[in-house]
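What follows is a short report on a single structure.
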Amino acid sequence: MVDSSKERRRIARALVDEIKKSAVIKPVDDEIEIWGMIVDQSIRGVQVSIPIELSPETTVKLIRANQDDAGEWENQEHMGRVCWCNLDDASSESYRIGIEFMD
């Protein structure tokens, strides 16, 4: 297993510009859908702010809406793994999670 703090520094992340983009997270072994906001992203994953805690190593389906250059919206689906989950410094009512893409 790779030390996630070193990994985060090695991979360039970009803050999501304009408005924050929404995401739906569905844990594979559960029936729930969690709505969240993408905070930043890289080619290997995303950081999402969500209202509940998720355990690291949870496998999830991530559905995010993206707008193309023509202004059209499309959903992109990824399978991922929760790498970390921390209480959000900005709000005691939400959590920040890191999701690494598995596809």
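Hydrogens, waters and symmetry mates are skipped; everything else that's a heavy atom, side chains included, is used.
For Asn75, the CG atom is densely surrounded, since the number of other residues' heavy atoms within 6.0 Å is greater than 12. Counted within 6.0 Å of CD on Glu93, heavy atoms from surrounding residues, nucleotides or ligands total 12 or fewer; the atom is thus considered open.
Checked by atom type and distance alone, the side chain of Thr58 pairs as donor or acceptor with a backbone atom of Ser55 at under 3.5 Å. Remark: the backbone N or O of Met79 is paired with a side-chain donor or acceptor of Asp103 at under 3.5 angstrom.
From Ser49, atom OG reaches atom OH of Tyr95 across 11.5 Å, with rounding to the nearest 0.5 Å. One finds the CD atom of Gln41 at 5.0 Å from the CZ atom of Arg64 (value rounded to the nearest 0.5 Å).
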Decide yes or no on side chain to side chain contact (heavy atoms under 4.5 Å, CB included) for Val46 and Asp40, but give the supporting numbers first. CA-CA 6 Å; Val46 293; Asp40 66 27; 6.0 Å; no
For Lys61 and His78, run side chain to side chain contact (heavy atoms under 4.5 Å, CB included): C-alpha distance rounded to whole Å, both residues' side-chain angles, the deciding distance at 0.1 Å, then the answer. CA-CA 6 Å; Lys61 178 193 266 187; His78 299 277; over 6 Å; no
When you look at Val39 and Arg96, which way does the side chain to side chain contact (heavy atoms under 4.5 Å, CB included) test go after all the steps? CA-CA 9 Å; Val39 177; Arg96 295 277 180 108; 3.4 Å; yes
Might you work through the side chain to side chain contact (heavy atoms under 4.5 Å, CB included) test for Thr59 and Asp29, ending with a clear yes or no? CA-CA 8 Å; Thr59 301; Asp29 296 332; over 6 Å; no
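Contact detail for Ile34 and Pro51: the closest heavy-atom pair is CG2-CD, 3.9 Å. Between Cys85 and Ile97, the shortest heavy-atom distance links the atoms SG-CG2, 3.5 Å. Contact record, Ile50 with Gly36: CG2-CA, 4.1 Å, taken as the closest heavy-atom pair. What you find for Lys21 and Ala65 is that their closest heavy atoms are CD-O, 3.7 Å. Heavy atoms only, all atoms of each residue included: Ala23 and Ile38 are closest at CB-CG1, 3.9 Å. Leu87 approaches Ser92 most closely through the heavy-atom pair CD1-O, 3.8 Å.
Pro27 is listed as a side-chain neighbour of Leu54, based on a closest heavy-atom distance under 4.5 Å. The side-chain heavy atoms of Phe101 and Arg44, taken from C-beta on, include no pair separated by under 4.5 Å.
Not counting sequence neighbours, Asp30 has no partner by the salt bridge (Lys or Arg N to Asp or Glu O under 4.0 Å) test.
Side-chain heavy atoms closer than 4.5 Å link hydrophobic residues (I, L, V, M, F, W, Y) into clusters, and following such links, even through other members, never connects Met37 to Val24. In the hydrophobic clustering of ILVMFWY residues, with side-chain heavy atoms under 4.5 Å counting as a link, Ile63 and Trp35 come out together. In the hydrophobic cluster analysis, where Ile, Leu, Val, Met, Phe, Trp and Tyr join through side-chain heavy atoms closer than 4.5 angstrom, Ile52 is grouped apart from Val28.
Grouping Ile, Leu, Val, Met, Phe, Trp and Tyr by side-chain contacts under 4.5 Å, direct or through others, leaves Met102 on its own.
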